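For reference, the structure is listed below as structure tokens.
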Amino acid sequence: MRQWLEGLETRKGLDHLTDASRRLVLASYGLLVAMMVYRGAIVSTDGNPLVPLVAFVLPLVLFLPSILVRRARGHAWLAFVSLLYFSQGVMVATLPGQGLRGSAEALVSLALFTGCMGYARFRSRQLQAG
């Protein structure tokens, strides 16, 4: 895997790979936040209806400064958090009538994981080289 990534870096260039992974992070992050807002809005509780919304969205919003400032370490941590949303999506996909929504959540969070890990790697190597 390492050899394949190094070959990819040589062929495409770190600048191109960093930009491509950043675009993937931004697109999947925005889509996952939108999905969690929707999910938090439809989950009903007896108490305050904002509690599920905050519970689903807050972990993602906490990483917004790292994304905006383009911190490689923040992207790496966001990748690990995205795995929680992946497992949640897989669990939701097993519920009757929720297969499409759960599968979409799992795929979007997997895209976020991939983009974040790629960005963390390529940005770190970019900073080391220059």
Side-chain angles (χ1 to χ4, degrees):
M1 182 73 161
R2 181 179 180 180
Q3 192 175 30
W4 178 79
L5 281 171
E6 289 173 354
L8 185 66
E9 291 169 3
T10 303
R11 284 190 313 276
K12 299 284 184 175
L14 283 174
D15 292 337
H16 172 74
L17 292 171
T18 302
D19 291 341
S21 59
R22 172 119 173 112
R23 285 191 302 272
L24 180 60
V25 167
L26 292 174
S28 56
Y29 179 82
L31 192 53
L32 190 59
V33 168
M35 292 173 79
M36 292 301 102
V37 167
Y38 173 74
R39 181 153 185 217
I42 64 171
V43 171
S44 62
T45 61
D46 296 333
N48 190 349
L50 288 178
V51 171
L53 180 65
V54 170
F56 289 129
V57 177
L58 184 63
L60 291 172
V61 172
L62 291 175
F63 286 96
L64 191 57
S66 290
I67 290 174
L68 294 176
V69 178
R70 300 177 181 216
R71 272 186 238 134
R73 182 170 286 171
H75 282 75
W77 279 105
L78 178 58
F80 297 125
V81 170
S82 73
L83 293 177
L84 297 172
Y85 289 94
F86 173 78
S87 52
Q88 174 180 286
V90 170
M91 289 189 300
V92 169
T94 62
L95 297 173
Q98 300 295 320
L100 184 61
R101 191 175 59 135
S103 298
E105 184 179 330
L107 287 174
V108 169
S109 60
L110 189 60
L112 181 60
F113 174 80
T114 304
C116 284
M117 290 308 290
Y119 184 81
R121 176 188 171 89
F122 301 135
R123 181 68 178 152
S124 294
R125 292 177 66 89
Q126 192 179 42
L127 291 173
Q128 286 174 354

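Heavy atoms only: backbone and side chains are in, while hydrogens, waters and symmetry mates are out. Every value quoted in this text rests on a predicted model; they were computed, and no experiment measured them.
Counting all heavy atoms, side chain and backbone alike, S82 lies closest to A79 at OG-O, 2.5 Å. Here the shortest heavy-atom pairing between A120 and A72 reads CB-O, 3.5 Å. Of all non-hydrogen atoms in V81 and P59, the two that sit nearest each other are CG1-CB, 4.5 Å. Heavy-atom minimum distance, G115 versus S21: O-CB, 3.7 Å. A93 and S103 get closest at one heavy-atom pair: CB-N, 3.8 Å.
Side-chain contact check for Q126 and R123: at least one donor-acceptor pair (N or O, by modelled atom type) lies under 3.5 Å.
A single hydrophobic cluster is seen to contain both L31 and L112, as judged by linkage of ILVMFWY side chains at heavy-atom distances under 4.5 Å, directly or through other members. If you chain together hydrophobic residues whose side chains sit under 4.5 Å apart, W4 and L14 fall into the same group. Taking hydrophobic clusters as Ile, Leu, Val, Met, Phe, Trp and Tyr residues chained together by side-chain heavy-atom distances below 4.5 Å, V25 shares a cluster with W77. V90 and L83 are assigned to two separate hydrophobic clusters, defined by single-linkage of ILVMFWY side chains at heavy-atom distances under 4.5 Å. Hydrophobic clustering keeps L107 apart from F113 (ILVMFWY residues linked when any side-chain heavy atoms are closer than 4.5 Å, directly or through intermediates).
With rounding to the nearest 0.5 angstrom, the OH atom of Y85 is 6.5 Å from the CE atom of M36. Atom-to-atom distance recorded for L32:CG and R39:CZ is 10.5 Å, nearest 0.5 angstrom. A distance of 12.0 Å separates CZ of F56 from CE of M35, quoted to the nearest 0.5 Å.
Within the 4.5 Å cutoff, the side chain of I67 has heavy atoms near those of the R22 side chain. Using a 4.5 Å heavy-atom threshold, the side chains of R101 and I42 count as touching.
Side-chain heavy-atom separations under 4.5 angstrom define the hydrophobic clusters, and M91 shares its cluster with no other residue. Through chains of ILVMFWY side-chain contacts below 4.5 Å, L58 is grouped with V54, L62.
Within the structure, ring pair (Phe, Tyr, Trp, His ring centres under 6.0 Å) contacts touching residues 7-39 (residues at least two apart or in different chains) do not occur. Annotation: side-chain hydrogen bond (donor to acceptor under 3.5 Å, both in side chains) contacts involving residues 55-69, sequence neighbours excluded, comprise S66-R71.
Contacts of R11 classified as salt bridge (charged side-chain N to carboxylate O under 4.0 Å, His left out), with partners at least two apart in sequence or in another chain: none. The salt bridge (charged side-chain N to carboxylate O under 4.0 Å, His left out) check on R121 picks up E9, with sequence neighbours excluded.
Dense packing is recorded around CG of L68, with more than 12 heavy atoms of other residues, nucleotides or ligands lying under 6.0 Å away.
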